[in-house]
> 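Handing you a structure now.
What you see below is based on every heavy atom in this structure, not just the backbone, and it leaves out hydrogens, waters and symmetry mates. Whatever order the structure lists ligands and atoms in, that order sets their numbers, starting from 1.
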Amino acid sequence: MDLCHLTAHELHDLLIKREVSSVEITKSVFQQIEKAENIIHSYITITKDSAFATAEKVDKKITSGERISPLAGIPMAIKDVMNTKGILTSCGSKILSNYIATYDATAVKKLKDVDMVMVGKSNMDEFAMGSSTETSYFGITRNPWDPNTVPGGSSGGSATSVIAGEAICSLGSDTGGSIRQPASLCGVVGLKPTYGRVSRYGLVAFASSLDQIGPFAKDVTDCALILNVISGRDEMDSTSVDLPVPDYTKSLINDVKGLKIGIPVEYFIEDGMDPEVIASVRSAIKLLESLGAICEEVSLPHTNYGIADYQIISRAEASANLARFDGTRYGYRADDADSLMDMYKKTRSEGFGAEVKLRIMLGTYALSSGYYDAYYLKSQKVRTLIKQDFDKAFEKFDVLLTPTSPTTAFKFGEKMDDPLAMYLADIFTVNCNLAGIPGISIPCGFSSSELPIGLQLLGKPFDEESLFRVAYTFEQNTDYHKKRPRMD
Ligand code: GLN
């Protein structure tokens with residue numbers, strides 16, 4: 001197999017045995033980019049020169065006998081919603097299409113500090129609003145398993161770069177499913193950490209109480225390695241939590257005997273769900289049972305309010321966060337305005353795409369006086385009920401297991417004219433963000449048309465370790481994560 005299709009931990013072993021160099025790995029990734037990028041379009045910006053400079057630096061360290069970290073010399077993609085010093089950080093939007101970041105997001109800085117090789121900035125739905133990567137100002141991203149289908153979103157480019165071999169692993173952000181859903185549709189592993197586990201400093205805010213940065217990788221081990229690096233308290237983000245960061249590789253244990261796994265009944269609905277998804281997830285449950293896990297049904301009675309609740313909270317927060325983009329301080333500015341107010345209006349009207357404007361309008365409405373109590377306050381109360389459902393379930397269960405997405409990858413255009421259908425793509429992922437708990441999506445099968453299917457594991461706050469343990473056990477006993485798209 002080409003180097004670009006290996007995992008970070010496999011490549012690290014080859015690096016320290018001096019069987020390959022980081023420059024060779026980086027070359028393999030860039031050759032794959034040459035081959036695949038004009039169809040897949042994983043990237044908005046590619047940073048080839050600095051990638052090779054970092055790779056050379058790592059190779060020198062290895063030659064001089066220096067110890068290197070597990071991610072040193074490993075090519076990674078960074079979602080274009082994270083600030084990267086000196087490099088375009090566009091959020092997939094026209095309004096930031098000329099914005100060069102002046103600093104690194106903390107998660108990016110931590111990876112740079114361990115000599116990760118940044119390949120480029122990956123494509124995404126505009127301001128992370130979407131489930132298909134169809135709303136980027138820079139064009140769509142295609143799913144490597146079938147280029148007529150979407151990769152999921154909003155972190156579409158971060159998912160496709162990994163499965164297509166255009167990066168070894170990547171970072172994405174997840175506000176309502178934007179890591180887990182594209183991971184599921186592209187057949188890779190994607191983790192949304194507990195809210196507060198990873199600093200959001202330098203992550204351009206969509207909905208601040210829901211956003212979290214997390215890894216995409218070809219297997220669970222690589223996800224654990226990345227989480228080890230990016231986690232922890234950061235004084236630049238007051239919502240990052242001051243708890244010790246465990247070594248997550250210690251949770252990579254191939255054993256689920258006696259672990260209690262809850263199966264929420266509300267996540268297995270016949271209506272609107274692809275029967276092949278249900279069948280795959282059910283057989284995954286059987287496999288875990290055969291390995292000694294105790295799987296039992298549980299009810300999370302407020303599940304169905306999640307999508308509506310998420311719509312209000314995420315849009316309200318977005319309308320406040322996106323107020324800063326007005327042409328004054330950075331980004332695109334309309335140049336033919338005759339007054340300051342006209343400049344604001346024209347800049348925002350020309351700079352934002354339709355989905356972003358729709359959300360800003362709904363959010364502003366929900367926060368306006370007279371409606372605040374009816375919508376925003378009410379939605380915060382519902383959020384508490386959703387959180388309490390999980391608290392109760394976790395009194396009995398170690399983790400919960402659900403499908404990640406109701407369907408496999410859908411065709412381009414299929415949901416673009418029907419926002420509600422698009423929003424329902426997140427039906428199984430948003431409640432995790434509302435409750436602030438961690439969630440991981442791992443490959444668990446393929447449909448008859450050879451599209452990947454993912455399952456989701458949800459855990460107690462700051463118990464990513466149990467997710468890794470169950471995910472790792474499943475992975476060790478299956479081969480789904482080893483399949484690669486043909487891309488011919
Ligand atoms: N697809 C969801 C939305 O459109 C989630 C986005 C996200 O997690 N950033 O809002």
> Just going by heavy-atom distances, which of Ile179, Asp211, Asn433, Asp426 is nearest to atom 2 (C) of ligand 1?
Asp426
> Return yes when Arg359 approaches ligand 1 closer than 4.0 angstrom through a heavy atom, no otherwise.
yes
> Validate the cation-pi geometry between Arg324 and Tyr99: distance from NZ or CZ to the six-membered ring centre under 6.0 Å, angle to the ring axis within 45°.
no
> Where the closest heavy atom to atom 8 (O) of ligand 1 is concerned, which of Gly176, Ser155, Ser154 has it?
Gly176
> Look at Glu355 together with Arg359 and state whether they make a salt bridge at an N to O cut-off of under 4.0 Å.
yes
> Please could you name the atoms of ligand 1 that Ala128 approaches to less than 4.0 Å, counting only its heavy atoms?
6 (C), 7 (C), 9 (N)
> Determine, using heavy atoms of Tyr310 and all atoms of ligand 1, whether some pair is separated by less than 4.0 Å.
yes
> Which class fits the ring pair Tyr480 and Phe474: parallel under 30°, tilted 30 to 60°, perpendicular over 60°?
parallel
> Please report the closest heavy-atom contact between His9 and Leu225, naming both atoms and the distance.
CB-CD1, 3.9 Å
> Does an N or O from Gly177, backbone or side chain, lie closer than 3.5 Å to an N or O of ligand 1?
yes
> Would you please classify the geometry between the Phe325 ring and the Phe352 ring as parallel, tilted or perpendicular, with 30° and 60° separating the classes?
perpendicular
> Nearest 0.5 angstrom please: Arg333 CZ to Thr347 OG1, how far?
7.0 Å
> Can you tell me how far CH2 of Trp145 sits from CE of Met487, rounded to the nearest 0.5 angstrom?
9.5 Å
> Does any N or O of ligand 1 fall below 3.5 Å from an N or O anywhere on Lys79, backbone included?
no
> State if Gly130 counts as touching ligand 1 under the rule of any non-hydrogen atom under 4.0 Å.
yes
> Could you name the option among Pro419, Pro182, Ser178 that has the heavy atom nearest to atom 6 (C) of ligand 1?
Ser178
